[in-house]
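For this chain, numbers begin at 1 and follow the sequence in order. Indexing begins at 1, ligand by ligand and atom by atom, following the structure's order.
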Amino acid sequence: MTSAQHHTSPSAPPPGCPAHPSDEAMPLLGPRFQNDDRARLYREMYEQHGPLAPVVLPGDVPCWLVLGYRELHQISSDPVLFSRDSGLWNQWPNIPDDWPLLPMVGKQPSILYTVGERHQRRSALVSEALAAVDQFELRAHAEQFADRLIDELCGRGSADLIAEYAKVLPALVLARLYGFSDKEGHDLVPSINDLVDGGEGALAGRDTVKAAMSTLLASRRTNPAAGVASRMLHHDFADGFSFEEIVEDMMVNIIAGHQPTADWIGNSLRLMLTDDRFAASLSGGRHSVAEAMNEVLWEDTPCQNIAGRWATRDTQIAGRHIAAGDLLMLSFAAANGDPQVRPDRTVFTSGNNAFLSFGHGDHRCPYPAQDIAEGIARTGIEVLVDRLPDVDLAVSPQALVWRPSPFLRGLESLPVRFTPTPTRTAGGLR
Ligand code: HEM
């Protein structure tokens, strides 16, 4: 498929068709995807293009952005027609070696791009290793690290809750669950953040985390111990997978686990600090913590758009002709606000967890991973609210800046102030 083919495929409207006044492909990394009001942008795109919109990636590489709830559900429910195998992409001949989105869609030997029966075994391996995490222990770990992080800032009366809290807590808890020592976990946090930030330090960060993960797994090969890494290696299903493949899947677990959980914490705290419906929670209403977290998954979900699925043959969806090998980017953010499903977006989402924020179908976020994310995020927010009961924004809500990524939704920083309080735990993070 080329950009032009969006307009010339047999079932596409003829150029200039009055029923489709502007079926122009919009750049996914363009300025409109970087500004604050993305919810409105998705609605406008839906009105203009329907449930599937043509968009272009850097280098004028075309793909479809799936905006409709039903269509996203249908596509992710049908792995035979819409595969996770990026090798099927009909754009590979046009992709240069230094294409900036290669880390997102490139062929990687991980669970993310494995398909069919092999994916089922791999998914079971990851899920069962994560499912063995005890929820009470998980919350105890999260509480302990949350208390230590708050001890580092509570005497000061001000802090940035993204850099000093949300972007640290999930990595520390996950590292302990996987089998790293607390010192190793602490030392890995900057590299994990460099890697997920995708900036200049990303490759060095990836090398550091991968080396640490390989060392951990190698040591567990001969000395089985508690922890997710050891359980993956010694699971019955591990036989079919190489050591390198298990390292890759542990990398997915740390990368896919840390950043969205960090953003879930940050986006929920922002909501609680800026929206009157949730403000009461900061004086101790634990019920509202869960409600704010749920609202965030509908309105500011951490994983906004991901690549995606590739059509295994020519097909039709929502009146669009999809060619074999076309890339369909899944917009969880747009689908959650689909006007067909939520005509009135101001209606409170309390108690409704039909959002698509963790994906759907075979490649959805594994259920035990969702429980781990929830345990870390909820405990982290509850501990913060308990320890700093009068925490308030140190800037106006309008001064808060979202990171400019169309893929992940999270704040650059969340500056707060509070009455200084005494520390609670002895000893620092190491
Ligand atoms: C708020 C937190 C999280 C969110 C919003 C989230 C969201 C997602 C989404 C949207 C996908 C892709 C679904 C698809 O392709 O259809 C995914 C996949 C995945 N997530 Fe999560 N995730 C979160 C936390 C975690 C955590 C804590 C872990 C690990 C402990 C984890 C492990 C994974 C894995 C292994 C996959 C790949 C599944 C596969 O391809 O079979 N995620 N997640």
Requested in this report: Mind checking the CG-CD1 spacing from N253 to I372? Nearest 0.5 Å is all I need.
Outcome: 8.0 Å
Requested in this report: Report, in ascending order of atom number, the atoms of ligand 1 lying under 4.0 Å from any heavy atom of R84.
Outcome: 15 (O)
Query raised in the report: Do the charged groups of R320 and E71 touch, with an N to O distance under 4.0 Å?
Result: no
Report summary line: Of all protein heavy atoms, the one nearest atom 26 (C) of ligand 1 is G257 CA, 3.3 Å
Query raised in the report: Near Y178, which atoms of ligand 1 are under 4.0 Å from a heavy atom of that residue?
Result: 29 (C), 30 (C)
**Report entry** With T114, the side-chain hydrogen bond (donor to acceptor under 3.5 Å, both in side chains) member among Q120, R122, R84
**Finding:** R122
Query - Electrostatic pair R378-E143, nearest N-O below 4.0 angstrom - result: no
Requested in this report: Any atoms of ligand 1 less than 4.0 Å from a non-hydrogen atom of R364? List them with their elements.
Outcome: 13 (C), 38 (C)
Report summary line: Quick note on ligand 1: atoms under 4.0 Å from a heavy atom of I306 include exactly 12 (C), 14 (C), 15 (O)
Query raised in the report: Could an N or O of ligand 1 be found under 3.5 Å from any N or O of R309, whether backbone or side chain?
Result: yes
**Report entry** Numbering as shown, the atoms of ligand 1 that approach S357 to under 4.0 Å (heavy-atom distance)
**Finding:** 5 (C), 7 (C), 10 (C)
Query raised in the report: More than 12 foreign heavy atoms under 6.0 Å from CG of L203: is that the case here?
Result: no
Requested in this report: Any chance you could lay out the salt bridge (charged side-chain N to carboxylate O under 4.0 Å, His left out) test for E152 and R148, step after step, and finish with the verdict?
Outcome: CA-CA 7 Å; E152 304 229 323; R148 290 193 204 166; over 6 Å; no
Report task. Is it possible for you to check whether R403 lies under 6.0 Å from the centre of the six-membered ring of F407, through NZ or CZ, and within 45° of that ring's axis? Result -> no
Report summary line: Of P366, S123, C365, A369, the residue with the heavy atom nearest atom 34 (C) of ligand 1 is P366
Query raised in the report: So between W264, Y113, F332, F358, whose heavy atom ends up nearest atom 3 (C) of ligand 1?
Result: F358
Query raised in the report: Under 6.0 Å from the CZ atom of R118, do we count more than 12 heavy atoms belonging to anything else shown?
Result: yes
Requested in this report: Report the nearest protein non-hydrogen atom to atom 14 (C) of ligand 1: residue, atom name, distance rounded to 0.1 Å.
Outcome: H363 O, 3.2 Å
Report task. Go through ligand 1 atom by atom and flag the ones less than 4.0 Å from a non-hydrogen atom of L112. Result -> 37 (C), 40 (O)
Report summary line: The reported gap from CG in L153 to CZ in F418 (rounded to nearest 0.5 angstrom) is 5.0 Å
Query raised in the report: If you count the non-hydrogen atoms of other residues, nucleotides and ligands that lie under 6.0 Å from CZ in R70, is the total more than 12?
Result: no
Requested in this report: May I ask you to decide whether R342 forms a salt bridge with E299, counting only side-chain N to carboxylate O separations under 4.0 Å?
Outcome: yes
Query raised in the report: H119: heavy atom below 4.0 Å from ligand 1, yes or no?
Result: yes
Query raised in the report: Would you say T261 and ligand 1 have an N/O pair spaced under 3.5 Å apart?
Result: no
Report summary line: the protein heavy atom lying closest to atom 35 (C) of ligand 1 turns out to be N253 OD1, 3.5 Å
Query raised in the report: For F355, is the nearest heavy atom under 4.0 Å from an atom of ligand 1?
Result: no
Query raised in the report: Hey, is L297 touching ligand 1 through its side chain, its backbone, both or neither, going by heavy atoms under 4.0 Å?
Result: neither
Query - Minimum-distance protein heavy atom relative to atom 25 (C) of ligand 1 - result: A256 O, 3.4 Å
Query raised in the report: Can you tell me if S76 has a non-hydrogen atom under 4.0 Å from ligand 1?
Result: no
